[in-house]
There are 2 protein chains.
Amino acid sequence: MTFQKERSAGFLANHMARLFANGLQQRIRPLGLAPAQFMTLLALWDEDGLTQRELVQRLDVEQATMANTLIRMERDGLIERRLHPEDGRSQSIHLTAKAVGLREPATQAARSQNEVALAGFSEDERLVFLDLMRRAIASMRAG
Amino acid sequence: MTFQKERSAGFLANHMARLFANGLQQRIRPLGLAPAQFMTLLALWDEDGLTQRELVQRLDVEQATMANTLIRMERDGLIERRLHPEDGRSQSIHLTAKAVGLREPATQAARSQNEVALAGFSEDERLVFLDLMRRAIASMRAG
DNA sequence: AGTAGTTGAATAGCATGCTATGCAATGATA
DNA sequence: TATCATTGCATAGCATGCTATTCAACTACT
C-alpha cells in the first residue's frame with residue numbers, strides 16, 4: 001500500500017505550519033519580530049513577569065529552546081530579566097516598553113495571516129477546524 | 001481585544017506540527033531517519049530519479065533547504081546523485097537499496113503517529129480535517 | 001548540619017527552515 | 001557568435017527546535 005502524503009495528517013500539518021510561519025514572518029519582520037519571539041510575547045502580554053519555566057509550560061517547547069529564544073529577545077531589547085526574589089535559580093522575564101508597544105501591530109499581523117489561511121472557510125468550519133486541531137494536540141500530548 | 005493563542009489557527013497549527021514532528025522523530029529514529037529525510041523519501045519512493053528542482057516543487061520547501069537535506073541524506077547513505085544526461089547543471093537523485101528497504105517500516109511509523117493524533121476522531125472527522133488542512137494550505141499558497 | 005535528590009537555567013551539538021548570494025551551465029537575442 | 005538573462009545548485013548566515021549535559025541553588029532527610 002502506498003503512503004500518500006496528501007492523505008497524511010502529519011504531512012499536511014507540517015506543510016500548513018510552514019506556510020503559517022512564513023506568512024507571519026513576512027508580516028512581522030517590519031516590526032523586528034520573528035515567529036518564536038511573537039509566540040513568546042503572546043504569553044508575556046497576557047502575564048508579564050513569568051519565569052522561563054512557566055513560559056516553557058505555557059508554550060510547550062523544550063527548556064533549551066526557550067532559553068535560546070529569550071537570549072535573542074533580550075539581545076533585541078524585547079525583554080529584561082529580573083532576579084526572582086524567592087528563588088536564586090530563576091529569573092522573572094519582563095517586557096520592555098518596546099515589546100508592550102508591539103502588541104497591537106503584531107497581533108493584527110497574526111490575525112491577518114489567520115484570515116488568509118481561513119479565507120474560504122465558513123464560520124462553522126473555522127470552529128470545527130480549531131476544535132479538531134485542539135483535539136489532535138491533546139491526543140498527541142497524552143499519547 | 002486580547003489575542004488568544006488557543007483560538008489562533010496559526011498558533012495551533014504550529015503546536016500541532018511540532019507534536020507530529022516530535023512523535024515521528026521518536027518512531028523513525030531507530031531507522032536512522034529524521035523527519036525531513038522521511039518527507040524527501042516519500043517523494044522519491046514514488047518517483048525515483050527526480051532532480052533537486054523537482055523535489056523542491058513536490059515538497060514546497062526552499063531550494064537551499066532541500067540542498068542541505070540532500071547533503072545529509074547522501075552522507076547517511078540514503079541517496080546517490082547521478083549526472084543529468086541532458087543538463088549539465090542538474091543531477092538526478094536516486095535511492096540506495098538501504099533507502100528502498102526503509103519504505104515499509106518508515107511509512108508504518110508515520111501511520112502510527114497519525115493514528116495517535118487522530119485517535120479520537122470519527123472517520124468523517126478525519127476526512128473533514130484533512131480537507132480543511134488542504135484548503136488552508138491552498139489559501140496560503142494562493143494568497 | 002550534612003548529604004542526597006530535585007529543579008531552573010545555560011550550553012553544546014545537530015536538524016530544518018529561511019533569505020541572500022554566488023557561480024556555472026543553458027538559453028535567448030542582438 | 002557574442003552578450004545578456006535565466007536556471008540549477010551550493011554556500012553563508014541566522015532562527016527554531018530538539019536531545020544531552022552541566023552547574024548552581026533549593027529541598028528533604030538522616
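Per chain, numbering begins at 1; letters A, B, ... match sequence-line order.
Across the protein-nucleic acid pair, B:Leu83 atom CG and C:dA24 atom P stand 17 Å apart, rounded to whole Å. Atom CD in A:Glu86 sits about 15 Å away from atom C1' in D:dT27, given to the nearest Å. The interatomic distance linking A:Leu19 (CG) with C:dC18 (C1') rounds to 13 Å, in whole Å. Protein atom CD of B:Glu74 is 11 Å distant from nucleotide atom P of D:dT11, rounded to whole Å. Separating the CG atom of B:Leu24 from the C1' atom of D:dC18 is a distance of 14 Å, rounded to the nearest angstrom. The separation between A:Phe20 atom CZ and C:dC18 atom P is 16 Å, rounded to whole Å. Rounded to whole Å, atom P of D:dA10 lies 14 Å from atom CE of B:Met73.
Relative to the six-membered ring of A:Phe121, B:Arg135 meets both conditions, a distance below 6.0 Å and an angle of at most 45° to the axis.
One side chain, B:Gln52 or B:Gln63, offers a donor N or O that lies under 3.5 Å from an acceptor on the other. Neither side chain, B:Thr107 nor B:Arg103, offers a donor N or O lying under 3.5 Å from an acceptor on the other.
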Legend entry - Audit row: B:Glu54, B:Glu47, side chain to side chain contact (heavy atoms under 4.5 Å, CB included) steps and yes/no: CA-CA 10 Å; B:Glu54 290 167 332; B:Glu47 304 176 85; over 6 Å; no

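For the pair B:Phe11/A:Leu24, no side-chain contact is recorded, criterion being any heavy-atom separation below 4.5 Å from C-beta on. Counting heavy atoms from C-beta on, the side chains of A:Ile79 and A:Thr96 never come closer than 4.5 Å.
In this structure A:His94 satisfies the side chain to side chain contact (heavy atoms under 4.5 Å, CB included) test together with A:Asp48, A:Arg82, A:Ser92, sequence neighbours excluded. Applying the side chain to side chain contact (heavy atoms under 4.5 Å, CB included) rule to A:Ile71 yields the partners A:Asn68, A:Arg81; only residues at least two apart in sequence or on another chain are considered. In this structure B:Arg75 satisfies the salt bridge (Lys or Arg N to Asp or Glu O under 4.0 Å) test with no other residue, sequence neighbours excluded.
Salt bridge B:Arg58/B:Asp46: absent, no basic N to carboxylate O contact under 4.0 Å.
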Heteroatom pairs (N/O) under 3.5 angstrom, protein to nucleotides 6-10 of chain C:
from: C:dT7; atom 1: O4'; to: A:Arg89; atom 2: NH1; distance (Å): 3.4
from: C:dT7; atom 1: O2; to: A:Arg89; atom 2: NH1; distance (Å): 2.8
from: C:dG8; atom 1: OP2; to: A:Arg53; atom 2: NE; distance (Å): 3.0
from: C:dA9; atom 1: OP1; to: A:Gln91; atom 2: N; distance (Å): 3.3
from: C:dA9; atom 1: OP2; to: A:Arg53; atom 2: N; distance (Å): 2.7
from: C:dA10; atom 1: OP1; to: A:Arg81; atom 2: NH1; distance (Å): 3.2
from: C:dA10; atom 1: OP1; to: A:Gln91; atom 2: NE2; distance (Å): 3.2
from: C:dA10; atom 1: OP2; to: A:Gln52; atom 2: NE2; distance (Å): 2.7
from: C:dA10; atom 1: N7; to: A:Gln63; atom 2: NE2; distance (Å): 2.7
from: C:dA10; atom 1: N6; to: A:Gln63; atom 2: OE1; distance (Å): 2.9

Atom pairs, N/O to N/O, protein against nucleotides 15-17 of chain D, distance under 3.5 Å?
from: D:dA15; atom 1: OP1; to: A:Arg75; atom 2: NH1; distance (Å): 3.1
from: D:dA15; atom 1: OP1; to: A:Arg75; atom 2: NH2; distance (Å): 3.0
from: D:dT16; atom 1: OP1; to: A:Ala36; atom 2: N; distance (Å): 3.3
from: D:dT16; atom 1: OP2; to: A:Arg72; atom 2: NE; distance (Å): 2.9
from: D:dT16; atom 1: OP2; to: A:Arg72; atom 2: NH2; distance (Å): 3.2

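Axis deviation across the helix from C:dA1-D:dT30 to C:dA30-D:dT1 amounts to 10°, comparing end segments of five pairs, rounded to 10 degrees.
We find the CE-CG distance between B:Met39 and A:Asn14 to be 5.5 Å, quoted to the nearest 0.5 Å.
B:Gln26 comes within 4.0 angstrom of the backbone, heavy atoms only, and of no base.
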